[in-house]
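Worksheet: one structure, shown below.
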Amino acid sequence: MSGLALVGGSGLSRLQEMEIDRREFVQTPYGAPSAELTFGRLFGREIVFLARHGDRHTIPPHKINYRANIWALKQASVAEVIAIAAVGGIRRDMEPGRLIVPDHIIDYTHGRPHTFFEEALDAVTHIDFTHPYSAHLRVRLIEAAERAGLFVCRSGTYGCTQGPRLETAAEVCRMERDGCDLVGMTGMPEAALARELGMDYACCAVVVNWAAGKTETEIRMDEIRANMDKGMQDVIRLLRCFVSAE
Ligand code: HPA
């Protein structure tokens with residue numbers, strides 16, 4: 001069985017269902033990861049958990065040390081990464097509460113250290129990123145969601161914005177014209193860094209609000225929190241089915 005990591009996002013800085021063996025602070029050539037790596041079992045399956053925004057949810061999306069996080073997981077012999085993400089829904093069927101396993105990414109971020117391949121190189125290195133998520137891991141996530149009786153969108157293009165502010169309505173219109181179905185702030189460069197280190201990576205996204213301009217009303221943080229709480233319970237149900245099939 002290959003090493004499996006869960007990277008928890010907003011709404012999932014702690015995995016209460018996990019039986020914890022140990023926590024380890026890993027130093028990397030890129031600095032410190034967002035939090036200690038937590039080693040243990042989730043529903044009987046060995047996993048490593050990492051809180052992307054820190055264990056007290058204090059690190060904003062553009063300040064996350066994505067390189068240190070992915071490097072630390074690789075050091076811990078992780079081969080597969082499931083990224084949990086709270087997102088805004090753009091496409092009409094991506095309403096709050098919906099689970100999505102995206103199959104594509106458009107990156108709107110800037111200024112984030114985004115590659116391991118920039119210093120002390122033997123040669124300039126380009127990775128293939130045509131299909132940014134692992135097909136095999138995506139299928140297993142989708143099947144787990146279905147076994148759990150959860151309705152899941154089997155595809156979608158994740159537009160990754162810089163944050164930490166939410167988007168303007170015009171930005172969301174542009175993203176929609178570009179082909180984005182959902183919007184989040186942390187999918188990149190995380191996915192590309194995992195690919196650079198040869199790890200399988202897939203995302204399980206939970207819609208916690210309609211993206212800006214998709215409803216008449218402003219985006220309210222209390223609604224986001226309520227949808228997040230419920231959505232993360234669904235993610236746990238999905239993960240229970242995911243690990244029991246391993
Ligand atoms: N935009 C960007 N990131 C998000 C959103 C959003 O509307 N909701 C949750 N994460």
Side-chain angles (χ1 to χ4, degrees), residues 6-14 34 50-54 56-64 66 69 81-112 114 132-133 141 150 152-153 155-192 201-236 238:
L6 296 181
V7 180
S10 296
L12 204 69
S13 295
R14 291 229 164 101
S34 299
L50 175 62
R52 187 188 284 117
H53 296 277
R56 290 180 303 109
H57 198 262
T58 48
I59 310 172
H62 64 295
K63 290 285 197 186
I64 291 169
Y66 295 94
N69 286 355
V81 180
I82 298 175
I84 312 296
V87 297
I90 298 178
R91 204 170 78 196
R92 200 197 290 242
D93 59 334
M94 303 222 164
E95 71 226 18
R98 183 70 78 228
L99 289 182
I100 305 150
V101 179
D103 61 341
H104 269 290
I105 296 177
I106 299 179
D107 187 5
Y108 299 91
T109 67
H110 47 87
R112 301 181 180 189
H114 64 283
Y133 298 109
L141 282 172
L150 296 162
V152 60
C153 289
S155 63
T157 296
Y158 176 126
C160 189
T161 56
Q162 178 73 353
R165 67 166 176 83
L166 295 167
E167 299 69 39
T168 67
E171 285 167 339
V172 169
C173 278
R174 180 182 74 150
M175 293 178 77
E176 191 167 23
R177 288 195 300 275
D178 286 352
C180 295
D181 301 309
L182 53 147
V183 51
M185 299 176 190
T186 56
M188 285 294 283
E190 197 173 85
Y201 179 99
C203 171
C204 176
V206 182
V207 180
V208 296
N209 58 282
W210 282 113
K214 289 286 151 192
T215 49
E216 298 296 313
T217 53
E218 280 180 15
I219 299 173
R220 292 201 4 229
M221 296 308 136
D222 56 338
E223 279 175 24
I224 289 191
R225 266 190 294 275
N227 289 322
M228 210 176 266
D229 289 346
K230 191 195 157 294
M232 291 307 153
Q233 285 167 24
D234 287 346
V235 169
I236 300 297
L238 183 157

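Side chains are part of it too, since the values below use all heavy atoms of this structure and drop only hydrogens, waters and symmetry mates. Indexing begins at 1, ligand by ligand and atom by atom, following the structure's order.
Salt bridge status for D229 with R225: absent, with no side-chain N to carboxylate O gap under 4.0 Å.
When each of H114, E190, R112, R52 is paired with Y66, the side-chain hydrogen bond (donor to acceptor under 3.5 Å, both in side chains) condition holds for R112 and for no other.
Residue A86 approaches ligand 1 through these ligand atoms, each under 4.0 Å from one of its heavy atoms: 9 (C), 10 (N).
With a 4.5 Å cut-off on side-chain heavy atoms, V206 and D234 do not count as touching.
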Please step through salt bridge (Lys or Arg N to Asp or Glu O under 4.0 Å) for the pair E95 and R98, ending with a clear verdict.
-> CA-CA 6 Å; E95 71 226 18; R98 183 70 78 228; 3.2 Å; yes
For the pair R177 and R174, evaluate side-chain contact (heavy atoms from CB on, under 4.5 Å) and give the outcome as yes or no after the intermediate values.
-> CA-CA 5 Å; R177 288 195 300 275; R174 180 182 74 150; 3.8 Å; yes
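Looking at V208 against ligand 1, only its side chain comes within 4.0 Å, counting heavy atoms. With a 4.0 Å heavy-atom cut-off, ligand 1 is reached by the backbone of V183 and by its side chain too.
Looking only at heavy atoms of the protein, atom 6 (C) of ligand 1 is closest to L166 CD2, 3.4 Å. Here the protein heavy atom with the shortest distance to atom 2 (C) of ligand 1 is E167 OE2, 3.2 Å.
Between W210 and ligand 1, a contact under 3.5 Å exists for no N or O pair. Below 3.5 Å of separation, one finds no N or O of I219 facing any N or O of ligand 1. Distances between N or O atoms of N209 and those of ligand 1 include at least one value under 3.5 Å.
For the residues G187, A205, G88, the heavy atom positioned nearest atom 5 (C) of ligand 1 is part of G88.
Between the side chains of H62 and T109, no donor N or O sits under 3.5 Å from an acceptor N or O.
Taking CG of D107 as the start and SG of C160 as the end, the distance is 6.0 Å to the nearest 0.5 Å.
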